[in-house]
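This report refers to the structure that appears directly beneath it.
Here, residue 1 is the first one in the sequence, and each next residue gets the next number. In each ligand, atom 1 is the first atom listed, and ligand 1 is the first ligand listed.
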Amino acid sequence: MAGKMIAIANMKGGVGKTTTVVSLAEALAADDPTASILVVDLDPQASASACLAGDGLLATMIEEGRTIDAFLALRLITREPARLAPRIRHAVSRTTHKGDPLKISFLPCGPHLRLVEREIIYNLTEREYSMRAIEGQTWKLFEQEFLPLKEAYTYVIFDCPPGISPLTEIAIRASDLVIVPTIPDRVSILGLDAFCQIIWKEPPGVLPKPRLLPHVLVTRWQKNVKQHQDILAQLKVEAKAKDPGICLLNTRVQQAAALAGALANDGAPTFKQKYGEVISVLDQLVQELKGVLRVN
Ligand SMILES: Nc1ncnc2c1ncn2[C@@H]1O[C@H](COP(=O)(O)OP(=O)(O)OP(=O)(O)O)[C@@H](O)[C@H]1O
Ligand SMILES: [Mg+2]
């Protein structure tokens, strides 16, 4: 059976996207030791890459051109027959579970993704491609090189940058599921509305529509904060409306020290040591997502 592609995305920055990517990847791997997980970093800030690989390995991979931006530059600018899959680094996780390292592979992003995306536009417009054709060309490359990864991995998880870069939009539209981490406060909700409007409501141009509604995951939840309670109630109403714009996941990820430290790359903790009090929440999230994706 083909694996599932999950994009973790929100136009708003700092809402817990990368924390969700790393903790979800590790929770999926701990839940099923036979599963293979690939994390693809689409963010030139490279937080997921630095967390999973550590600074040393990440620097080596950037130097060797084993990054998304290097791949895109070769394929779309200099038009070389570069392949994506050989750039993946296997067995990167230093977190262990039941005596074995978690089975996580990853594909990093270098710092030049934004420049490469701009250069692609300059280069292809000079070759008289229209903007539509450029988008179509990037989509075709995604179909050729990213979608086949579903055959090799049980889960492919994209860490999207804040904002909506061209590659982020393609990953969102191609994924089986889009999880939108959202802090339940007023400012985050404004960003959520705008994000859902742009991707799910506006005409998609040459790209496909996303398969499912955006699945909102409440993060940094603090049950004693009145604003959080109010915004959660508002999200529940929106998700139950006649023609809802969102699905609201039942799992709520609380504000927790274990998650604040999830992106550190120090030592080789066990999954239990690393996540402690939030393990049950991560497990609930894994089971809920499997239900949404109809896995098992
Ligand atoms: N549940 C949580 N409890 C406590 N701290 C959290 C939690 N989730 C995220 N954080 C902290 O919030 C900050 C932002 O998290 P993160 O980097 O995951 O957000 P992001 O959406 O990926 O940000 P960006 O938009 O810059 O990529 C980090 O310092 C992280 O440690
Ligand atoms: Mg991030």
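At a 4.0 Å cut-off, at least one heavy atom of Gly14 sits close enough to ligand 1 to count as contact. Heavy-atom separations between Ala256 and ligand 1 include at least one value shorter than 4.0 Å.
When hydrophobic clusters are built by joining Ile, Leu, Val, Met, Phe, Trp and Tyr residues whose side-chain heavy atoms come closer than 4.5 Å, directly or via intermediates, Val21 is grouped together with Leu285.
Near Asp43, meaning under 4.0 Å from any of its heavy atoms, are these atoms of ligand 1: 27 (O). The atoms of ligand 1 that sit less than 4.0 Å from any heavy atom of Pro162 are 25 (O), 27 (O). Interface of Gly13 with ligand 1, defined as ligand atoms under 4.0 Å from a residue heavy atom, comprises 25 (O). Residue contact check: Leu259 has heavy atoms under 4.0 Å from atoms 1 (N), 2 (C), 3 (N) of ligand 1. Atom numbering of ligand 1 starts at 1 in the shown order; those under 4.0 Å from a heavy atom of Val15 are 19 (O), 20 (P), 21 (O).
Closest of all the heavy-atom pairs between Ile68 and Asp41 is CG1-O, 3.7 Å. Across Leu149 and Ala85, no two heavy atoms sit closer than the pair CD2-CB, 4.4 Å. Nearest heavy-atom pair across Leu58 and Ser49 is CD1-CB, 3.6 Å.
For atom 15 (O) of ligand 1, the closest heavy atom belonging to the protein is Thr19 OG1, 3.7 Å. Among protein heavy atoms, atom 17 (O) of ligand 1 sits closest to Leu263 CD1, 4.0 Å. Looking from atom 1 (N) of ligand 1 to the surrounding protein, the closest heavy atom is Gln254 O, 2.9 Å. Nearest to atom 31 (O) of ligand 1 among the protein's heavy atoms is Ala260 O, 3.2 Å. For atom 11 (C) of ligand 1, the closest non-hydrogen atom on the protein side is Arg220 NH1, 3.5 Å.
For residues 242-253, every residue pair satisfying the side-chain hydrogen bond (donor to acceptor under 3.5 Å, both in side chains) rule, not counting sequence neighbours, is listed here: Thr251-Glu288.
At a heavy-atom distance under 4.0 Å, no atom of Thr219 approaches ligand 1.
The shortest N or O to N or O distance between Val253 and ligand 1 is not below 3.5 Å. Considering both main-chain and side-chain atoms, Gly16 comes within under 3.5 Å of ligand 1 through a nitrogen or oxygen pair.
In summary, the side chains of Ser188 and Asp185 do present a donor paired with an acceptor at a separation below 3.5 Å, with no hydrogens or angles considered. When only modelled atom types and interatomic distance are considered, Gln229 and Asn224 share no side-chain donor-acceptor pair under 3.5 Å. In this model, a donor atom of one side chain and an acceptor atom of the other lie less than 3.5 Å apart for Glu202 and Gln197. No side-chain N or O of Ser47 forms a donor-acceptor pair with one of Gln45 less than 3.5 Å apart.
The residues Arg75 and Glu80 are annotated as not salt-bridged, no charged nitrogen and carboxylate oxygen being separated by less than 4.0 angstrom. Taking the charged nitrogens against the carboxylate oxygens, Asp69 and Arg114 have no contact shorter than 4.0 Å, which rules out a salt bridge. Salt-bridge check for Asp159 with Lys17: failed, with every basic side-chain N at 4.0 Å or more from each acidic carboxylate O.
Only one option out of Val180, Val187, Ile183, Thr182 pairs with Lys12 in a side-chain contact (heavy atoms from CB on, under 4.5 Å); it is Val187.
Proximity of atom 28 (C) of ligand 1 to the protein is not indicated, since no non-hydrogen protein atom lies closer than 4.0 angstrom. Distance check on atom 19 (O) of ligand 1: some protein heavy atom falls below the 4.0 Å cut-off.
Ring geometry, Phe142 versus Phe158: the interplanar angle falls from 30° to 60°, so the pair is classed tilted.
Nearest residue to atom 25 (O) of ligand 1 from Gln222, Arg252, Lys17, Gln255 is Lys17 (criterion: closest heavy atom). For atom 26 (O) of ligand 1, the nearest non-hydrogen atom from the set Met11, Lys12, Gln45 comes from Gln45.
The backbone N or O of Met61 lies less than 3.5 Å from no partner atom in the side chain of Arg66, so there is not a single donor-acceptor pair.
Note on the Mg ion (ligand 2): protein N/O/S atoms under 2.8 Å are Thr18 OG1.
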